[in-house]
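By convention in this document, chain letters (A, B, ...) are assigned in the order of the sequence lines, proteins followed by strands, and residues within each chain are numbered from 1.
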Amino acid sequence: MLVSKLFMPTQREIPSDAEIVSHQLMLRAGLMRKVASGIYSFLPVGYRAFRKVEAIVREEMDRAGAQELIMPAILPAEIYMSSGRWDKFGSEMFRLQDRSGRQFCLGPTHEEPFTEAVRDNVRSYRQLPVTLYQIQHKYRDEKRPRFGVMRAREFVMKDAYSFDADEAGLDISYKTMYEAYCRIFDRCGLDYILVDADSGAMGGSGSQEFMVKSAVGEDAIAFCPSCSYAANEEKAPCKATEAGEPKALLNVERIATPHVRTIDELMKYMKASSKDFVKTILYSADGKIIAAMVRGDREINETKLTNLLDAAELVLAGAADIERVTGAEVGFAGPARLKVDIPVYVDLEVATMTNFIVGANETDYHLININLLRDFRPTKIVDLRTIEPGDPCPVCGGPVETCRGIEVGHIFKLGTKYSDSLGCMFLDKAGQEKPMIMGSYGIGVGRTLAAVIEQHYDENGIIWPLAIAPYQAIVIPTNATDQTILAIADDIHSQLEKAGVEVLLDDRDERPGVKFKDADLIGIPLRITVGRKAAEGIVEYKERGTGIVSEMTANEAVAKILEMTKGIK
RNA sequence: CGGGGUGUAGCGCAGAUUGGUAGCGCGCUUGGUUCGGGACCAAGAGGCCGGAAGUUCGAGUCUUCUCACUCCGACCA
């Protein structure tokens with residue numbers, strides 16, 4: 001391919017609305033362009049890399065026995081109504097109507113249509129297990145699209161769904177997908193970790209995310225350096241801490257705390273540590289008000305709380321509800337003397353505290369020396385807080401650390417959630433009708449591509465791993481008017497092309513510096529420069545990633561490239 | 001959803017407080033000199049200043065509305 005013919009709009013300057021490296025480089029290297037917020041076009045060079053990732057995903061899915069199909073992106077509302085998700089997705093779903101007013105949406109994920117397809121066509125255990133997948137555009141009207149293709153509103157996802165006759169079958173299907181995912185991300189050159197993830201209120205027996213460690217990742221991960229434990233922060237359990245020496249319970253006192261509403265203000269006002277306070281936070285869980293309590297310096301884990309309550313929607317209570325329930329302005333909620341009887345959920349850690357400080361349910365007052373059971377009765381004492389660095393590992397007890405990660409894949413044991421609600425049944429050996437046991441497995445293709453760039457770049461641009469480089473090699477004649485140089489470059493280029501290497505020839509009448517900069521920016525892994533020693537038959541071979549440079553004959557250079565790309569194509 | 005910021009040439013930006021009909025760098029075109037890490041000289045092309053309404057003799061600039069993009073937050077008891 002001639003660079004002079006290539007639609008590859010590279011830019012020198014960093015686009016002003018790109019924050020993270022992968023986004024900046026994808027724009028600068030001309031891989032993609034924004035069409036609207038969270039919606040992108042892939043241009044030829046970017047699309048080649050994109051298709052490399054797709055191809056790897058496809059090969060490994062096929063190898064794992066999954067069968068590819070394609071569902072429509074536009075789907076009738078009814079499909080999502082029977083599972084309840086038409087409502088549950090809320091404003092995150094792109095909705096539209098046809099000319100006669102029938103409701104449709106752009107599919108945000110395809111559990112329902114896959115389940116229906118299998119339900120309508122599979123009757124017997126003899127037809128199970130089956131795993132189907134597609135590589136399809138997905139649409140989610142994200143609250144806040146950002147970081148380019150990392151959190152987009154239109155994105156390509158490989159989604160797979162497994163259907164099994166029993167749990168043991170699901171375990172096998174799940175493990176097969178797990179192994180395929182490891183091969184996929186290995187081949188993409190990603191450094192990733194596998195973390196336990198929240199399996200949601202719908203139950204299911206497990207879920208794991210493939211995370212690429214990155215400071216720009218949107219998920220927080222807790223991991224244990226001493227054992228192999230790692231979990232999404234929203235999932236990681238916090239162990240009950242040891243209670244200290246038993247202390248005498250002091251008498252409750254009501255303290256005036258005018259205009260002191262936050263823990264920070266309280267610390268200053270009362271000259272106490274945030275660890276002496278217990279904060280009481282009111283939530284509305286599907287419209288029902290509940291209270292949750294954690295130590296003053298801790299954070300409530302809303303995922304854990306949502307799961308505990310089995311709630312579809314959990315939001316902080318509004319000021320009106322807070323005043324109605326506590327009889328006080330916002331900022332003075334506590335567990336005792338509530339005006340309205342509501343469930344009070346208390347974190348495990350609070351159960352080890354004595355004589356703590358809480359809001360008095362009275363504007364401008366707090367209570368000190370509050371004690372569990374003596375002064376209020378919790379509805380339940382459970383793990384409610386978010387894990388923090390230094391907390392004990394739930395497996396080995398050693399201190400955990402936290403980091404951030406990009407979620408590139410998620411594998412999920414669904415169980416019978418969808419097969420129950422959509423009636424996806426089969427007849428087992430005994431002639432009994434049973435719901436199929438399902439799993440679902442997703443990979444964000446664009447996000448994976450961006451994650452690769454986040455892990456493979458330098459100050460000059462992208463450094464593609466050979467397996468997903470849009471072109472594996474580039475031949476650069478330093479002077480486009482020198483016939484000797486041109487002839488050699490052209491010869492190398494056509495030899496490589498004939499041998500099946502994806503290779504560029506930068507035939508533009510540009511100065512060498514421009515060509516080097518572009519080649520580095522778009523991240524071509526292997527480069528042959530034909531220049532000053534061309535007349536002696538000597539060219540330069542250079543590797544983008546390692547920086548290795550050496551001089552050799554043209555034939556040697558061709559052989560070197562063939563050797564390097566062997567097994568890639 | 002809450003709060004901030006920005007929309008001026010393909011890209012990055014100035015001009016706005018003090019209204020007078022638009023400029024810089026990069027890129028692009030032509031010619032010449034160059035040619036191993038984003039060259040130089042010269043001559044050019046390119047803009048309903050996001051949109052609408054208003055104030056004014058006159059609006060990129062002032063007012064109002066609107067749209068888009070973007071960042072931060074969405075833990076406050």
Return the pairing partner of [N] with a 3.5 Å limit on both distances, Watson-Crick or G-U wobble; otherwise return none.
N       : result
rG20(B) : rC57(B)
rA74(B) : none
rG46(B) : none
rG31(B) : rC41(B)
rU6(B)  : rA68(B)

Please confirm whether any donor atom in the side chain of N479(A) sits under 3.5 Å from an acceptor in the base of rG36(B), or the reverse.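 When only heavy-atom distances are counted, N479(A) does not reach the base of rG36(B) through any donor-acceptor pair under 3.5 Å.
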
Side-chain donor/acceptor contact of D518(A) with base of rG38(B) under 3.5 Å: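 Yes, the side chain and the base share a sub-3.5 Å donor-acceptor pair.
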
Taking only side-chain nitrogens and oxygens of R146(A), does any of them come within less than 4.0 Å of OP1 or OP2 of rU70(B)?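 No.
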
Would you tell me if any nitrogen or oxygen in the side chain of K515(A) comes within less than 4.0 Å of OP1 or OP2 on rC35(B)? no

Spacing of [X] atom [atom1] relative to [N] atom [atom2], expressed in whole Å:
X       : N       : atom1 : atom2 : value
F147(A) : rC69(B) : CZ    : P     : 17 Å
I289(A) : rA77(B) : CD1   : P     : 18 Å
Q24(A)  : rU70(B) : CD    : P     : 14 Å
D17(A)  : rC71(B) : CG    : P     : 7 Å
D509(A) : rG36(B) : CG    : C1'   : 15 Å
L486(A) : rC35(B) : CG    : P     : 16 Å
R28(A)  : rG27(B) : CZ    : P     : 14 Å
E218(A) : rG73(B) : CD    : C1'   : 14 Å

Taking for each residue the nucleotide of RNA chain B bearing the nearest heavy atom, is the 5' side occupied by A333(A) or by T10(A)? T10(A)

Comparing H23(A) and T386(A) on RNA chain B - which has the more 5′ nearest nucleotide: H23(A)

Hey, does [X] reach any base, or is it just sugar-phosphate, or nothing, if we go heavy atoms under 4.0 Å?
X       : result
R527(A) : base
T326(A) : nothing
G531(A) : base
N361(A) : nothing
K533(A) : nothing
D482(A) : nothing
R298(A) : nothing
E329(A) : nothing

[X] side chain: which of [options] is closest?
X       : options                   : answer
T478(A) : rC35(B), rA77(B), rG36(B) : rG36(B)
K542(A) : rG38(B), rG37(B), rG36(B) : rG37(B)
R12(A)  : rG36(B), rG27(B), rA77(B) : rG27(B)
I281(A) : rC69(B), rG37(B), rA77(B) : rA77(B)
K279(A) : rG37(B), rC71(B), rA77(B) : rA77(B)
R532(A) : rA77(B), rG36(B), rG38(B) : rG36(B)
R511(A) : rG38(B), rG36(B), rC35(B) : rC35(B)
S37(A)  : rG37(B), rC35(B), rC69(B) : rC69(B)

Would you call [X] and [Y] a salt bridge, taking side-chain N to carboxylate O under 4.0 Å as the test?
X       : Y       : value
D141(A) : R95(A)  : no
R295(A) : E349(A) : yes
E154(A) : R140(A) : no
R385(A) : D391(A) : yes
R146(A) : E218(A) : yes

When rounded to the nearest Å, what value does the distance between [atom1] atoms of [N] and [M] take?
N       : M       : atom1 : answer
rA45(B) : rG50(B) : P     : 23 Å
rG5(B)  : rC41(B) : C1'   : 41 Å
rG20(B) : rC62(B) : C1'   : 15 Å
rG54(B) : rA14(B) : P     : 31 Å
rC28(B) : rG38(B) : P     : 16 Å
rU34(B) : rA39(B) : C1'   : 7 Å
rA22(B) : rG15(B) : C1'   : 8 Å
rC49(B) : rU6(B)  : C1'   : 14 Å

Measuring only between side-chain heavy atoms, which start at C-beta, is V45(A) closer than 4.5 Å to F7(A)?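 No, side chains not in contact.
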
Shortest non-hydrogen separation from P477(A) to D506(A) and the atoms involved: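 Closest pair (atom of P477(A), atom of D506(A), distance): CD-O, 3.2 Å.
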
Heavy-atom pair of closest approach, residues R324(A) and V340(A): O-CG2, 3.7 Å

When you check the side-chain N and O atoms of E299(A) and T386(A), is any donor under 3.5 Å from an acceptor?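 Not at all, the side chains of E299(A) and T386(A) share no donor-acceptor pair under 3.5 Å.
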
Would you mind telling me which of V501(A), I474(A), L496(A), T565(A) makes a side-chain contact (heavy atoms from CB on, under 4.5 Å) with L526(A)?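 Single side-chain contact (heavy atoms from CB on, under 4.5 Å) partner of L526(A) among V501(A), I474(A), L496(A), T565(A): T565(A).
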
With 3.5 Å as the limit, what N/O pairs link the protein to nucleotides 1-11 of chain B?
from: rC11(B); atom 1: O2; to: E13(A); atom 2: OE2; distance (Å): 3.4

Once you measure the plane-to-plane angle for Y47(A) and F42(A), does it fall in the parallel (<30°), tilted (30-60°) or perpendicular (>60°) bin? tilted

